[in-house]
Amino acid sequence: VATHQGHDEL
Amino acid sequence: MNIFRLTGDLAHLIAIIILLHKIWKSRSCAGISGKSQVLFALVYTTRYLDLVTSYVSIYNTFMKFVFLATSYATIYLIYVKFKATYDHNHDTFRIEFLILPSLALALLINHYFNFLEVLWTFSIYLESVAILPQLFMVSKTGEAESITSHYLFALGSYRALYILNWIYRYATEGHYDLIAIVAGVVQTVLYCDFFYLYITKVLKGKKLQLPA
C-alpha cells in the first residue's frame with residue numbers, strides 16, 4: 001500500500 | 001532499491017545525457033520537441049517539491065537535483081542558446097490539452113488531498129503523456145535521427161523497467177501504488193509503437209522513417 005508520508009521513488 | 005529500479009533510473013539518466021550530448025555536440029536541437037522538454041521540467045518541478053519536506057536517501061536527493069538541473073539546462077539549450085535551430089514549425093502539439101486534464105485528474109483521483117500530494121499526482125499523470133509532443137513531431141516530419149531514437153528508447157525503457165520494479169516490490173514488500181502503476185503502464189504503452197520501429201529499423205542500422 002502506498003505511503004502518504006512521502007514517495008520513495010523518482 | 002532493486003535491480004529493476006536501479007536500471008530504470010540509469011536508463012532515465014542515460015536518456016537525458018544522450019539528449020544533452022546530442023544538442024551540445026551538434027550545436028542544434030533540430031528534431032527535438034521543446035514542448036516535451038517543458039512538460040518534463042514541469043513534471044520534475046511539481047514532483048520534487050518534496051525535496052524540502054521529506055528525505056529518502058542521498059541517492060534520491062542527488063538524482064532529484066540531477067533531473068531538475070538537466071531539465072532546465074535542456075530548456076535553456078533549446079529556447080535560448082540554440083534557439084535558431086529549434087524546429088518550432090513542427091512542434092505544434094497543444095500542451096494545455098495535456099496539462100489541464102492531468103491537473104483535473106490529479107484533483108479528482110489522488111491518495112490524499114493536500115497541496116504536495118496533488119502536485120505529485122499531477123506530475124505522475126503529466127509524465128505519462130509528456131512525450132506526446134515529441135512523438136507527434138516525429139510523426140509529423142516522418143523521421144527521426146538515430147540519436148533521437150536512442151534517446152526515446154532509453155526514456156521509454158525507464159518506465160518499463162519501473163513496472164518490473166513495481167511487480168518485484170509487490171512480491172517482496174507487498175508495496176504498491178496504483179496511481180504510479182496505472183500511469184506508468186499508460187506511459188509505457190505510448191512508446192510501444194516506437195519500440196517496434198526502433199527494434200525493427202534503428203537496431204538494424206536503418207533510419208527511423210515512418211511509412212508514408
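In what follows, chains carry the letters A, B, and so on, assigned in the order in which the sequence lines appear, proteins first and then strands, with residues in each chain numbered from 1.
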Asker: In terms of heavy-atom pairs under 4.5 Å with chain A, which of B/K64, B/M63, B/R169 leads?
Answerer: B/R169
Asker: Can a side-chain donor-acceptor contact be found between B/T92 and B/K140 if the only test is distance below 3.5 angstrom?
Answerer: yes
Asker: Relative to the ring of B/F195, is the ring of B/F153 parallel (under 30°), tilted (30 to 60°) or perpendicular (over 60°)?
Answerer: perpendicular
Asker: Which region of B/F67, side chain (C-beta onward) or backbone (N, CA, C, O), has a non-hydrogen atom less than 4.5 Å from a non-hydrogen atom of chain A, or is it both or neither?
Answerer: side chain
Asker: Considering only heavy atoms, which portion of B/D9 lies under 4.5 Å from any heavy atom of chain A: side chain, backbone, both, or neither?
Answerer: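 Interface part for B/D9: side chain.
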Asker: What is the distance from atom CD1 of B/I167 to atom OH of B/Y176, rounded to the nearest 0.5 Å?
Answerer: 15.0 Å
Asker: Which region of B/N165, side chain (C-beta onward) or backbone (N, CA, C, O), has a non-hydrogen atom less than 4.5 Å from a non-hydrogen atom of chain A, or is it both or neither?
Answerer: side chain
Asker: With a 4.5 angstrom heavy-atom cut-off, could you sort out which part of B/Y170 is near chain A: side chain, backbone, both or neither?
Answerer: neither
Asker: On the 0 to 90° scale, with breaks at 30° and 60°, tag the B/Y44-B/Y48 ring pair as parallel, tilted or perpendicular.
Answerer: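 Rings of B/Y44 and B/Y48: parallel, under 30°.
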Asker: Would you call the rings of B/H12 and B/Y158 parallel, tilted or perpendicular, where under 30° means parallel and over 60° means perpendicular?
Answerer: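 If you compare the ring of B/H12 with that of B/Y158, the planes turn out parallel.
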